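Index from 1, following the sequence. Values in this document were obtained by computation on a predicted structure and should not be read as measured data.
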Amino acid sequence: MGKNFIGPDELNCISEHMELMIPDPVPPIPFLMETLESCQENYILVLATSNWKNGNILNINSLRNHFGWNPAKYEPCFYNQDWYVKESFATQTILTHWLMVKKSVEDPLRGVDPANEILSRFEKKVFLKAVDAVYLFFVWNLARGEFLWSNDYVWCSDLDKNGDRIYIGKYSDPNGINKNGLEIHRHLRIRDNYSFVFNI
């Protein structure tokens, strides 16, 4: 996988900024050599771990507390929003496992509604867990100096308490209006309490 690989050694190299507990033993990579060879150019293979080095669990909220939400103080960081901190997906512990994810979004699926029936056949391939996506974003930036999904959003498998799908991304605003920060949003579905009022 070359530079598209982040394992225990690479995680140790970013410990100055993100002290993670490296699992012992490290779980075996669950992908066949043929799969790794065919994916080495366009995918990244990253070891995810469940805990910080101090033993605390690793989830979106603990990552948010660690990196903060003020780019004037530290980057990378989260966008300044807190609507999600009491949502269950924000407290879900990341599993210790290997993640292999395509580095760029799927161009043919840009602008496709995530509720589209076609996507149901590919749900495991299309939708990352929100905690996995957030972990990947920060680890990749610290290890490789690149922002994943800097101007794009990626759909996640998680739903909020109202059943709205979570999406993350768009670290920087190309128009320079919003501050930098990893955004976490929910895609509001149209329900009966959305309607119109007319004016004369």
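- Under the 3.5 Å distance criterion, the side-chain polar atoms of Ser50 are matched with a main-chain donor or acceptor of Ile94.
- Tracing side-chain contacts under 4.5 Å through hydrophobic residues (I, L, V, M, F, W, Y), one never reaches Leu95 starting from Leu11; they form parts of separate clusters.
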Worksheet entry | Steps toward side chain to side chain contact (heavy atoms under 4.5 Å, CB included) verdict (Ile6, Ile14) | CA-CA 11 Å; Ile6 297 179; Ile14 64 172; over 6 Å; no
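- With values rounded to the nearest 0.5 angstrom, Leu20 atom CG is found 9.5 Å from Asn51 atom CG.
- Transitive grouping of hydrophobic side chains (ILVMFWY, heavy atoms separated by less than 4.5 Å) brings Met18 and Ile22 into a common cluster.
- Contact annotation: the side chain of Asn54 never approaches that of Glu19 to less than 4.5 Å [non-hydrogen atoms, C-beta and beyond].
- Between Trp98 and Phe5, the ring-plane angle classifies as parallel under the 30° and 60° cut-offs.
- Remark: Asp152 CG to Ile168 CD1 distance equals 11.5 Å, nearest 0.5 Å.
- In this structure, the side chain of His97 does not engage the main chain of Pro27 through any donor-acceptor pair within 3.5 Å.
- Using bins of under 30°, 30° to 60° and over 60° for the plane-to-plane angle, the ring pair Phe89/Trp83 lands in the tilted bin.
- The shortest distance between side-chain heavy atoms of Phe147 and Leu182 does not fall below 4.5 Å.
- To the nearest 0.5 Å, atoms CG (Asn61) and NZ (Lys86) are separated by 11.0 Å.
- Connection of Phe31 to Val26 is established within a shared hydrophobic cluster, with ILVMFWY side chains joined at heavy-atom distances below 4.5 Å, either directly or through further cluster members.
- If you run ring pair (Phe, Tyr, Trp, His ring centres under 6.0 Å) between Tyr171 and each of Phe137, Phe67, Phe78, only Phe137 comes through.
- Glu87 contributes a side-chain N or O that, together with a main-chain N or O of Lys161, makes up a donor-acceptor pair within less than 3.5 Å.
- Checking side-chain atoms of Gln81 against main-chain N and O of Glu183 turns up no donor-acceptor pair under 3.5 Å.
- The structure places CG of Leu128 at 13.5 Å from OH of Tyr135, a figure rounded to the nearest 0.5 Å.
- No side-chain heavy atom of Phe127 sits less than 4.5 Å from a side-chain heavy atom of Ile166.
- A 4.5 Å side-chain heavy-atom check between Asp158 and Lys129 finds at least one atom pair inside the cut-off.
- In this structure, the side chains of Val154 and Leu148 stay at 4.5 Å or more apart for every pair of heavy atoms.
- Between Tyr79 atom OH and Asn180 atom CG the span is 10.0 Å, to the nearest 0.5 Å.
- For Asn42 (side chain) and Lys102 (main-chain N/O), no donor-acceptor pair under 3.5 Å exists by modelled atom type.
- Val131 is not connected to Ile57 by any chain of hydrophobic side-chain contacts under 4.5 Å among Ile, Leu, Val, Met, Phe, Trp and Tyr, and they are in different clusters.
- Side-chain contact between Asp132 and Val101: absent, with no pair of heavy atoms (C-beta onward) separated by less than 4.5 Å.
- Between Asn80 atom CG and Lys179 atom NZ the span is 7.5 Å, to the nearest 0.5 Å.
- With hydrogens and angles disregarded, a donor-acceptor distance shorter than 3.5 Å links the side chain of Glu10 to the backbone of Gly7.
- Using cut-offs of 30° and 60° on the angle between ring planes, the pair Tyr167 and Trp155 is perpendicular.
- Considering only heavy atoms from C-beta on, Met100 comes within 4.5 Å of Leu45 through its side chain.
- Contact annotation: the side chain of Tyr84 never approaches that of Arg186 to less than 4.5 Å [non-hydrogen atoms, C-beta and beyond].
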